[in-house]
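Numbers restart at 1 for each chain; the letters A, B, ... are given by sequence-line order, proteins then strands.
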Amino acid sequence: DGGITQSPKYLFRKEGQNVTLSCEQNLNHDAMYWYRQDPGQGLRLIYYSQIVNDFQKGDIAEGYSVSREKKESFPLTVTSAQKNPTAFYLCASTSDNNEQFFGPGTRLTVL
Amino acid sequence: GQNIDQPTEMTATEGAIVQINCTYQTSGFNGLFWYQQHAGEAPTFLSYNVLDGLEEKGRFSSFLSRSKGYSYLLLKELQMKDSASYLCAVRKYNFNKFYFGSGTKLNVKP
């Protein structure tokens, strides 16, 4: 089955640690996105990538980093510079006919 | 942000019809999207409008007026499973970025 996978589903981190969230898609989509969602709020764009080896900052990129070495993979690293990292992180990709598909999400909690 | 506004919460009765409104102010508009999100889960795509008018998909319809910066999602024959948050999102031409509203939490009661 085609889709987007994110791992892990739940992640706990101590303050001061970097952590990498995985996102893999087998939909052959060029465009991929990382969003953050806080309770009762909409999605805010962290980073996006339109094509392999290229990515752009979204609205809240500070404290985050990404890479896009393969079309299928778009991992997100939450660094210690991110002051309030506890949130629900969603990865998405967009098809040629404009439909955006989301992965199941990773819920990150900083202890 | 892109000034995307939706009501925070709505309540409706099973079997009824409900309309969820979304207003936006943006340049470079390239489509308006509606998503459903159940608590703790990822959003799922419902509908998409890029031209003015009504798009119908079964029990769900979405309307767009670009001149008014206005869209609505219409849900017919409400079912209990329709209780969820509904997110309105605007896509811009610039790198196809999506901007999301805060979502409308819909409570369907028996």
Across all chains, not counting sequence neighbours, the ring-ring contact (aromatic ring centres under 6.0 Å, His included) partners of B:Phe100 are A:Tyr35, B:Tyr35
Mark yes or no for whether B:Thr104, through its side chain, and B:Pro7, through its backbone, hold a donor-acceptor pair below 3.5 Å.
yes
Side chain from CB out, backbone as N, CA, C, O: work out which of these in B:Phe33 comes under 4.5 Å of a heavy atom of chain A, or both, or neither.
side chain
Quick one: which residues of residues 41-58 of chain B reach chain A at under 4.5 angstrom, heavy atoms only?
B:Glu41, B:Ala42, B:Pro43, B:Phe45, B:Tyr48
If only side-chain N and O atoms count, and only distance matters, is there a donor-acceptor pair under 3.5 Å linking A:Thr77 with A:Thr20?
yes
Is it the backbone or the side chain of A:Gln100 that comes under 4.5 Å from a heavy atom of chain B, or both, or neither?
both
If hydrophobic clusters are built from ILVMFWY residues whose side chains come within less than 4.5 Å, do A:Tyr47 and A:Phe88 share one?
no
Answer with side chain, backbone, both or neither: which region of B:Gln6 has an atom nearer than 4.5 Å to a non-hydrogen atom of chain A?
neither
Between A:Trp34 and A:Phe74 (side chain of the first, backbone of the second, donor and acceptor by atom type, cut-off under 3.5 Å), is there such a pair?
yes
Those residues of residues 59-83 of chain B that come under 4.5 Å of chain A on a heavy-atom basis, listed by number, are none
Region of A:Leu43 that comes under 4.5 Å of a non-hydrogen atom in chain B:
both
Sub-6.0 Å ring centroid separation between A:Tyr33 and B:Phe98
yes
Tell me which pairs pass salt bridge (charged side-chain N to carboxylate O under 4.0 Å, His left out) where either residue lies in residues 14-35 of chain A, with sequence neighbours left out.
A:Asp30-A:Lys71
Expected output: side-chain A:Asn26 to main-chain A:Gly3 donor-acceptor under 3.5 Å
yes
If I measure from the heavy atoms of chain B, does A:Arg44 come under 4.5 Å with its side chain, its backbone, both, or neither?
neither
Can you find a pair of side-chain heavy atoms, one from B:Cys88 and one from B:Ile4, that are under 4.5 Å apart?
yes
Does the structure place the NZ or CZ of A:Arg107 under 6.0 Å from the centre of the six-membered ring of A:Tyr10, at an angle of no more than 45° from the ring's axis?
no
Atom CD of residue position A:Glu62 - does it have more than 12 heavy atoms of other residues, nucleotides or ligands inside 6.0 Å?
no
Quick one: what part of A:Gln6 sits under 4.5 Å from any heavy atom of chain B, side chain, backbone, both or neither?
neither
Hey, is CG on A:Asn84 packed in by over 12 heavy atoms from elsewhere, all under 6.0 Å?
yes
